[in-house]
Every structure is written in C-alpha cells, then in structure tokens.
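First comes the structure, then the notes that go with it.
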Number of protein chains: 2
Amino acid sequence: MSAMILVVEDEPAIRELVVLNLQQAGHRPVVADSAEQALALVRESLPDMILLDWMLPGMSGVEFARRLKADGRTRDVPIIMLTARGDEQDKITGLETGADDYITKPFSPRELNARIKAVLRRRAPQMAGDAVEVTGLRLDPATHRVTGNDRPIELGPTEFRLLHFLMAHPERVYSRAQLLDQVWGNHVFVEDRTVDVHIRRLRCALEATRHDGLVQTVRGSGYRLSVHT
Amino acid sequence: MSAMILVVEDEPAIRELVVLNLQQAGHRPVVADSAEQALALVRESLPDMILLDWMLPGMSGVEFARRLKADGRTRDVPIIMLTARGDEQDKITGLETGADDYITKPFSPRELNARIKAVLRRRAPQMAGDAVEVTGLRLDPATHRVTGNDRPIELGPTEFRLLHFLMAHPERVYSRAQLLDQVWGNHVFVEDRTVDVHIRRLRCALEATRHDGLVQTVRGSGYRLSVHT
DNA sequence: GCCAATATGACAATTTGATGACAAAAATGC
DNA sequence: GCATTTTTGTCATCAAATTGTCATATTGGC
C-alpha cells in the first residue's frame, strides 16, 4: 500500500473527493489542476500512479498521457483516466494512448479503490498490499509479518522492504541501482555497495528457515529471488 | 452501538416504524421528511449512517445521495436505500451512486437491523457495537467497560477509543498518521509522536492483567494489536 | 594464480521508540 | 461560578535498533 498517486483534475470538488478517498485508502495523493503543473511535478519525482481527468483546460489529458508514454522515464507509470459518462470515443482514445484503465464519472469511492488496487497489482505488485508467498516463505504487508514455514522471522525495516520487493518480482534480476531506486527511493544518495550489506543481512535472517538460498547473486548484474537453484 | 442514524422518508407511518425500531436497537434516530430537510440536518452534524427512501417528493433520493457523495465532508457516511419491491433500476442507480446497501419495502425489523449492523461493521467496525475480546482482554462499547480476565481495567477516553480501534482491527499494522485519522479524527492537528504517549498509557493500564504484550510496536511502521509474539 | 566482483564483520552516526515530567485544557464536583 | 481532578498534547532525555560505510576476506571466472 501507500502508493504516491498524482491526481490531475481541474475541478476542485472532485479533486478533494478523490484526495480524501485516497488518503483513507492509505495512499499519498499529490494534486495538480492542469497538465502543465502535473508535468512539473512528475519531473520532480515519479508517482506510482496517475489519476488523469480527460477533460482539462490547456493541455488535454490525451496529450499529457502521450508525452508521458513518449518519455522512457515516465513510460511505465500506470494511468487511470477519469472520463464523463458514456464518452466512448474518449475511452478508446485513452486506452490506445496507453491508459491502463478508465473510470466514468460519477464513480463510487469503492469502485475507484478497486480499480486502483487492480492496476497496482498488475503494475507494481509490492504496492497492492497483498501477501506474497514463495516456497514456504511468506510476507504480509498488512500485518508486517514474515514467516518461514510458519516460524516468525525478524527483519529490519529496510530488509523488509527489500524482501517485499524481491518477492513481488521473483525470477528477475535487479541491479544494485535498480534496487536502490525501488526499495530506498529514487532520490537517495547511497553507495551501490550498501545493497550488498542489506542482502547479506536479509540472507542472515532467512537462514533460520533455510530460505536464504532464495536470494541469489547474479555476478556482474545484481540480485534475484528465485525458487530455482 | 449507539449510532446516530438519519432517516429520510416522507411517509409518516413507515418513518415512525423505522424510528421505533432503531430506538429499540439502541441507535439514535433523527428524521427528515424530505431531502432538503435532510441536507440541512446533515449540515448541522454528521450522522453515522443514512436510511434513505428512494422515492421522495422534491429532490429525489438519487440526487440527495449524489450531493452527499460529492461533498468530501459527507462522502463517507454510509447510505442504505429503501426501495419499493422489485424496482430493479432503482437498485442499480442507487448502488452506482454510492449507496452501501438497499432494502426493499416492506421489510422486517430484523432484516433492517441486520443490514444496519452489517454496514456499520463494514464501514466502521468499532461502531457496530459488538463487544470484542482477545485472549481474555474484553472491551464492550455498550457498557463502555474493559476487563482483563474479568478484572476491571480503567482507561482514559482516548486510550479507550485507541484500544477499541486496535481490537476491532487486530493483527494489522497502523502508522501513527492512520491512527490519528481513525482514533482522533481526520481533521485534528496533533503531533505524530503523541500516539506513542497514548500507546504507552494504554500499555500501562493493560499491564495489570499482563495484556500489555498485545500492543506491539512495529519499528519503522507503527503499531499493531496481535495475539502472536 | 590473477583480477574483479562479492561477502563479511566491525563501527560510528543516525534514527526511532520509550519514558517521565509538565502545563494547558477539559471535565467534574461542590 | 469556582476549585479540583482528569485528561491531553508536547518536550527533553534515554536506550535501543537501524543504517551506511569501510577494511578485509572470499569467491568465481579466466
């Protein structure tokens, strides 16, 4: 949970509505009332998701989305578009442009939350708040608990986030730089080698239940969580 | 228990019926015979739930609900709509507008109570009025009493609400910010660290019956009530 | 064996939570 | 209304856990 979500919406009433709802759901909303302002914010720091009104004064939502999709840095940020009811053409254009989902106004908070969670699950599993399990190793973000074959495992905050990320994206190699971005945050200044140390601490903790083998070193590339040898 | 429930219904007979039933169940009913009057009442003070007749003279129930959902202050108030039997379109419109549940007239008092309780449980478990118990620690909202292994425990108002919330949502971690929102109210300006102090006071009180271990610190994340070590 | 990459253990700085004290504010009793 | 008692929020301080970095050992590939 706790995803940073950028809300681009010019109508103050709806904006506040959405913001309150997001906070309630445990996310961190950031607002912009125009595509221009949104672009500036995105340049500062990447959100985990964007809720985008399709009808905006100035630069339209379509154009804004197109720019995001054209930039490699922002290409992968999921977009949910907010459209007026029945505006079929918008939906088509939107999905073609690369939006991940759309919601027609007026929408219920429940529906909004459901779609956000669905998109997060697809695009950024570690933010969806679901428990993950791999061969007896289980991590539950809601209770903040880790167990190996049902025996509790103690982890420091960083090791917890690191394991969470790796378990949410198993079988894939991540460079130290990528891990720093994903687990530490994309604006910190930390040595690459620091990742090694935390990997070691993580392995240490997992050793108790023989799950340390899951965290594998890929020489020259980085680390990977894998069930295979 | 003791939720303040706004009943919006133009037919006096049904209104009285519902009111009596609500009182019987321990709630505090407030009545309005039109959406306009209801809006005025809501402006005064927020009810915990609204029972809304879908067929109203003047402003319709749909429109009334829509307005409530459009205002951040009233957005989260659960709505149960009362519809005539078989009016399927109403149900659909109603649920889309954000109603939490519906009941078709005529309904039995039992059914009404059941649905009210269900919605309260879903939306604000600590308002449902059920006593909660965890390993000998018992909190009863109805009598406003806390006991540990049947020995009475004294708590200040804030500690009571805090424990109530935690017991209503066991095993889950809540950040200090979330606890402030849920226990203090989402509009107060209080230091995050204040939560620490109240947690400590709560633990102090629970110490007498060895239940202080239930309130656990999750370093870097927040607090949790859990039966596990 | 050599080289580069990674693992490891130790360490100091920083962060985080616990605790006791205190004054303001609210509730209560008279 | 006024005095007394509770409750509340904040702070300063202490103890403990976490974190990033480094120096050094180990490993794997060639």
Side-chain angles (χ1 to χ4, degrees), chain A residues 144-146 152-166 173-208 211-226 229, chain B residues 144 146 152-166 173-208 212-226 229:
Chain A
H144 204 277
R145 274 208 154 100
V146 182
I153 294 178
E154 298 296 329
L155 289 182
T158 304
E159 282 75 52
F160 184 90
R161 289 199 309 276
L162 179 58
L163 178 61
H164 189 189
F165 176 78
L166 289 175
V173 185
Y174 291 94
S175 69
R176 294 176 173 73
Q178 285 176 311
L179 289 175
L180 283 178
D181 276 2
Q182 297 288 337
V183 178
W184 274 253
N186 31 13
H187 32 37
V188 290
F189 169 63
V190 182
E191 284 291 323
D192 266 20
R193 292 274 139 226
T194 298
V195 176
D196 298 29
V197 179
H198 283 276
I199 287 281
R200 173 182 149 273
R201 288 172 180 154
L202 178 56
R203 281 175 175 154
C204 258
L206 297 183
E207 223 167 35
H211 281 105
D212 53 306
L214 289 176
V215 182
Q216 304 173 350
T217 303
V218 180
R219 180 162 264 254
S221 297
Y223 297 95
R224 168 180 61 195
L225 185 137
S226 170
T229 61
Chain B
H144 204 275
V146 182
I153 294 178
E154 297 296 329
L155 288 183
T158 304
E159 281 75 52
F160 184 87
R161 288 199 310 276
L162 179 57
L163 179 62
H164 190 186
F165 176 77
L166 289 175
V173 182
Y174 291 94
S175 69
R176 294 174 174 74
Q178 286 176 313
L179 289 174
L180 284 179
D181 277 1
Q182 298 287 339
V183 178
W184 274 253
N186 31 8
H187 29 39
V188 289
F189 170 63
V190 182
E191 284 290 323
D192 266 21
R193 294 270 140 230
T194 298
V195 176
D196 297 29
V197 180
H198 283 276
I199 286 282
R200 173 178 151 275
R201 287 171 181 157
L202 178 56
R203 280 176 176 153
C204 263
L206 297 183
E207 221 167 35
D212 52 306
L214 289 176
V215 181
Q216 304 174 349
T217 303
V218 179
R219 184 162 257 257
S221 296
Y223 297 94
R224 167 180 62 195
L225 184 137
S226 170
T229 60

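Chain naming here is simple, since letters A, B, ... match the order of the sequence lines and numbering starts at 1 in each.
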Report all interatomic pairs (protein N or O, nucleotide N or O of nucleotides 22-28 of chain D) with separations under 3.5 Å.
from, atom 1, to, atom 2, distance (Å)
D:dT27, O2, A:Arg219, NH2, 3.2

Fill in: Non-neighbouring partners of A:Arg145 that pass salt bridge (charged side-chain N to carboxylate O under 4.0 Å, His left out), sequence neighbours left out
B:Glu171
Fill in: Distance, rounded to the nearest Å, where B:His198 contributes NE2 and C:dT19 contributes P
15 Å
Item to complete: Would you mind reading off the bend of the helix from C:dG1-D:dC30 to C:dC30-D:dG1 from its two end axes, five pairs each, to 10 degrees?
Response: 40°
Worksheet entry | Distance in angstrom units between B:Asp196 CG and D:dA15 P, rounded | 18 Å
Worksheet item: Who are the side chain to side chain contact (heavy atoms under 4.5 Å, CB included) partners of A:Arg219, not counting sequence neighbours?
Response: none
Practice prompt. Would you kindly give the CD1-to-P distance between B:Ile199 and C:dT16, to the nearest whole Å?
Written response: 18 Å
Practice prompt. Report yes if a side-chain nitrogen or oxygen of B:Trp184 is closer than 4.0 Å to either non-bridging phosphate oxygen (OP1 or OP2) of D:dT8; otherwise report no.
Written response: no
Worksheet item: Just how far, in rounded Å, is P of D:dT7 from CZ of B:Phe160?
Response: 13 Å
Worksheet, complete the sentence: With sequence neighbours left out, the residues meeting ring pair (Phe, Tyr, Trp, His ring centres under 6.0 Å) with B:Phe160 are B:His144
Worksheet item: How many angstroms lie between atom CG of B:Leu163 and atom CZ of B:Arg201, to the nearest 0.5 angstrom?
Response: 15.5 Å
Worksheet item: So, is A:Tyr223 close to the C:dA7 phosphate, meaning a side-chain N or O under 4.0 Å from OP1 or OP2?
Response: yes
Worksheet entry | Nearest-nucleotide 5' precedence on DNA chain D, A:Arg161 against B:Thr194 | B:Thr194
Discussion item. Looking only at the side chain of A:Arg193 (C-beta and beyond, no hydrogens), which of the listed nucleotides C:dT16, D:dT19, C:dT6 gets closest?
Written reply: C:dT6
Practice prompt. Give a yes/no on whether any side-chain N or O of B:Arg176 is located under 4.0 angstrom from OP1 or OP2 of C:dG17.
Written response: yes
Worksheet entry | Phosphate OP1/OP2 of D:dT19: any A:Thr158 side-chain N/O under 4.0 Å | yes
Discussion item. Could you tell me how far apart B:Arg200 (CZ) and C:dC22 (P) are, to the nearest whole angstrom?
Written reply: 13 Å
Worksheet entry | Spacing of B:Phe189 atom CZ relative to C:dA25 atom P, expressed in whole Å | 15 Å
Worksheet, complete the sentence: Contacts of B:Arg203 meeting side chain to side chain contact (heavy atoms under 4.5 Å, CB included) (sequence neighbours excluded), chain-then-number -> B:Ile199, B:Asp212, B:Val215, B:Thr217, B:Tyr223
Practice prompt. Under the salt bridge (charged side-chain N to carboxylate O under 4.0 Å, His left out) rule, collect the residues that match up with B:Arg176, sequence neighbours excluded.
Written response: B:Asp196
Worksheet item: Applying the side chain to side chain contact (heavy atoms under 4.5 Å, CB included) test to A:His211, which of A:Leu202, A:Leu206, A:Leu225, A:Val146 qualifies?
Response: A:Leu206
Worksheet item: Starting at the 5' end of DNA chain C and moving along, which residue's nearest nucleotide shows up first, A:Thr217 or A:Arg201?
Response: A:Thr217
Item to complete: Drop me the distance from A:Thr194's OG1 to A:Leu180's CG, to the nearest 0.5 angstrom.
Response: 7.0 Å
Fill in: Short side-chain N/O contact from B:Arg203 to OP1 or OP2 of C:dA18, under 4.0 Å
yes
Worksheet item: Just how far, in rounded Å, is P of C:dT16 from CG of B:Asp192?
Response: 11 Å
Worksheet, complete the sentence: Across all chains, not counting sequence neighbours, the side chain to side chain contact (heavy atoms under 4.5 Å, CB included) partners of A:Val173 are A:Val218, A:Ser221, A:Arg224
Worksheet item: side chain to side chain donor-acceptor pair (under 3.5 Å): which pairs involve residues 152-161 of chain A, sequence neighbours left out?
Response: A:Glu159-A:His198
Worksheet entry | Whole angstrom value for the distance that separates P of D:dT6 from CG of B:Leu155 | 15 Å
Item to complete: Would you classify A:Glu154 as touching base, sugar-phosphate or nothing, given that sugar-phosphate means primed atoms plus P, OP1 and OP2, and contacts are heavy atoms under 4.0 Å?
Response: nothing
